[in-house]
K.L.:
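Have a look at this one before I ask anything.
Lettering of chains follows the sequences in order, A, B, ..., and the numbering in each one begins at 1. In this text, all values refer to a predicted model and were calculated from it rather than measured experimentally.
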Amino acid sequence: MKEYLLMLVGCLLVNNYVMCQFLGICPFLGVSKKFDTALGMGLAVTFVMTLASFMTWMVEHFLLMPLDLMYLRTIAFILVIAVLVQLVEMALKKLSFSLYQALGVYLPLITTNCAVLGVAVLNSNNGYGLLQSTLSGCFSALGFTLSLLLFSCIRERLEMSDMPKWMQGFPGALIAAGLMAVSFMGFSGLIG
Amino acid sequence: MDKKNTFLGALINGLLFENPTFVLMVGMCPTLAVTTAASNAIGMGLSTTVVLVCSNLFISLLRNLISEKIRIPAFIVVIASFVTIVEMVLKAYMPELSATLGLYIPLIVVNCIIFARAESFAFKNGPILALGDGIGMGLGFTAAITVLASVREIFGSGTLFGQEIMGSGYQPMSLLTAPAGGFLTLGVLLIIVNMIRKKIDARMAARKGGEPA
């Protein structure tokens, strides 16, 4: 139990995907203008990343390894993710239309979110077991959601503030993200 | 004059007018992740360029065979195949670079630049134009991340391409090579690029205004 608790803290704060490992920067900068959209994206990513970690582990251990096809890992993983995103989209549309409406726009974007492929490749490189892989996917996605939500709050404030013209938009957002990453550096070394 | 209609035009367009990093703002993950040292940036940039050029050429050649409906999975398969080839070549011939770039090589698959060019350019244009676009975009990306990496390496560790250039008394600002430094440096560079672009735009507008219509 303690091991998984440490993993949670590690993924959420110490090795936060966005702030410390630069995975998932595109949606982090792209959909963080409003708190609500950030929340929607965060939930959608958490959902897909947890499922994708589970599925890619299955594919790796029951398909690629027995058939000695490990060199096809990248292709297999990205296809699994793309198919999964499509399936999730279709299933949500049928099962829970309100959730589909809330998350719908963000789902197609997730295929090209490098955090999803990143977690699959990292799990495989680290040789995690099934439970560990799934949890690492879920926790890392929660870390992504946390930084996305925090950043969206900052950006909502930035919109209101009176910045010099050359800093408005992306440059200002990047510098704000940089300052946020500095504060996340404070967590490094929290667990060994 | 439409700039994108020739091989050279497409090339220059990617290199300057629509530079993927500074103007289109795509492919941010590798941009920030591998730019702690200039040599890594060049390695990453060139690997991405190879994949981009090959995938652009291939998708352009296949554009009449791929049906509109299944184009996204088709793009993914083409791109992922080339990434796998690059990954294997790097592992075999440049094991050191392959080890430093590590995770980010398979992640070239989800680099938005490659996907965006396939969707918005290669799928709609002939192979020669697509080739020019691929080379231009790839080199534009390489140039941009090399500049970013050079700034971070010079100030963050006092070296450039591993050579000490700031003198032995220089106290490196290690913040710049930390993740936070990536965001900050890119933000500052963007401000500079935006200022230069505004100046050029203003000068172009002034020149156009001066000419008789």
Side-chain angles (χ1 to χ4, degrees), chain A residues 16-30 71-79 81-83 85-86 108-122 124-125 164-186 188, chain B residues 22-23 25-36 72-73 75-88 91 102-116 174-176 178-198:
Chain A
N16 188 290
Y17 263 26
V18 179
M19 291 284 126
C20 307
Q21 305 204 36
F22 291 124
L23 292 170
I25 301 286
C26 294
F28 176 73
L29 292 172
Y71 63 93
L72 286 179
R73 192 180 68 175
T74 313
I75 304 181
F77 280 9
I78 188 73
L79 282 178
I81 292 167
V83 169
V85 170
Q86 281 283 314
L109 289 176
I110 296 175
T111 313
T112 51
N113 183 339
C114 51
V116 185
L117 184 61
V119 80
V121 174
L122 274 178
S124 149
N125 284 353
K165 212 170 191 169
W166 37 266
M167 252 185 91
Q168 276 165 11
F170 259 118
L174 276 171
I175 288 177
L179 295 178
M180 208 174 129
V182 173
S183 65
F184 266 83
M185 277 168 73
S188 67
Chain B
F22 289 137
V23 183
M25 303 286 306
V26 290
M28 284 295 123
C29 303
T31 304
L32 292 167
V34 301
T35 51
T36 47
I72 306 271
F75 292 168
I76 291 180
V77 174
V78 171
I79 296 169
S81 315
F82 285 116
V83 170
T84 308
I85 295 172
V86 167
E87 198 181 347
M88 286 169 163
K91 228 178 229 163
L103 174 65
Y104 294 96
I105 296 180
L107 287 186
I108 296 176
V109 178
V110 280
N111 189 327
C112 339
I113 299 175
I114 300 174
F115 221 81
S174 56
L175 175 70
L176 281 187
F183 287 111
L184 292 174
T185 319
L186 184 62
V188 173
L189 279 181
L190 263 185
I191 292 175
I192 298 171
V193 170
N194 279 351
M195 282 176 151
I196 296 173
R197 278 179 56 207
K198 282 232 173 77

K.L.:
Please flag which part of A:Tyr71 lies under 4.5 Å from any non-hydrogen atom of chain B: side chain, backbone, both or neither.
P.N.:
both
K.L.:
So which heavy atom on A:Leu117 is nearest to which on B:Pro106, and how close?
P.N.:
CD2-O, 3.8 Å
K.L.:
Between A:Ile175 and B:Leu184, is any pair of side-chain heavy atoms under 4.5 Å apart?
P.N.:
yes
K.L.:
Return the CG to CG distance between A:Leu174 and B:Leu32, rounded to the nearest 0.5 Å.
P.N.:
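One finds 7.0 Å between CG of A:Leu174 and CG of B:Leu32.
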K.L.:
Could you tell me which portion of A:Ile81 (side chain, backbone, both or neither) has an atom closer than 4.5 angstrom to a non-hydrogen atom of chain B?
P.N.:
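Neither part.
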K.L.:
Measure the CD1-OG1 distance between A:Ile25 and B:Thr31 for me, rounded to the nearest 0.5 Å.
P.N.:
9.5 Å
K.L.:
What option among B:Leu107, B:Val77, B:Ile72, B:Val34 has the most heavy-atom pairs under 4.5 Å with chain A?
P.N.:
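Highest number of pairs under 4.5 Å: B:Leu107.
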K.L.:
Would you mind telling me which of A:Ile78, A:Asn125, A:Leu79 has the largest number of heavy-atom pairs within less than 4.5 Å of chain B?
P.N.:
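Result: the option with the highest number of such pairs is A:Ile78.
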K.L.:
Which pair of heavy atoms, one from B:Ala180 and one from A:Gly178, lies closest together, and at what distance?
P.N.:
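The pair with the smallest heavy-atom distance is CB-O, 3.6 Å.
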K.L.:
What part of B:Ile79 is in contact with chain A, defined as an atom under 4.5 angstrom from a non-hydrogen atom: side chain, backbone, both or neither?
P.N.:
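Interface part for B:Ile79: neither.
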K.L.:
Working to the nearest 0.5 Å, report the span between CD1 of A:Ile75 and CD1 of B:Ile76.
P.N.:
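Going from the CD1 atom of A:Ile75 to the CD1 atom of B:Ile76 covers 11.5 Å.
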K.L.:
Look at B:Ile191, B:Asn111, B:Leu186, B:Leu190 and state which one has the largest set of heavy-atom pairs under 4.5 Å with chain A.
P.N.:
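Top count of heavy-atom pairs under 4.5 Å with chain A: B:Ile191.
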K.L.:
What pair of heavy atoms forms the shortest contact from A:Cys114 to B:Val110, and how long is it?
P.N.:
CB-CG2, 3.4 Å
K.L.:
Chain A heavy atoms under 4.5 Å from B:Leu103: which part of the residue, side chain, backbone, both or neither?
P.N.:
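Contact with chain A involves the side chain of B:Leu103 alone.
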K.L.:
I'd like to verify something: which residue of A:Leu122, A:Val83, A:Leu29 has the highest number of heavy-atom pairs under 4.5 Å with chain B?
P.N.:
A:Leu122
K.L.:
If you take all heavy atoms of B:Phe183 and A:Ala177, which pair is closest and at what distance?
P.N.:
CD2-CB, 3.7 Å
K.L.:
Quick check on B:Ala178 against chain A: is it the side chain, the backbone, both or neither that has a heavy atom closer than 4.5 Å?
P.N.:
side chain
K.L.:
To the nearest 0.5 Å, what is the distance between CD (A:Gln21) and OH (B:Tyr104)?
P.N.:
6.0 Å
K.L.:
Is B:Ser81 in contact with chain A via its backbone, its side chain, both, or neither, using a 4.5 Å heavy-atom distance?
P.N.:
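When you check distances to chain A, atoms from both the backbone and side chain of B:Ser81 fall under 4.5 Å.
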K.L.:
Of the non-hydrogen atoms in A:Pro171 and B:Gly187, which two are nearest, and what is the gap between them?
P.N.:
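A:Pro171 and B:Gly187 have their closest heavy atoms at CB-O, 3.9 Å.
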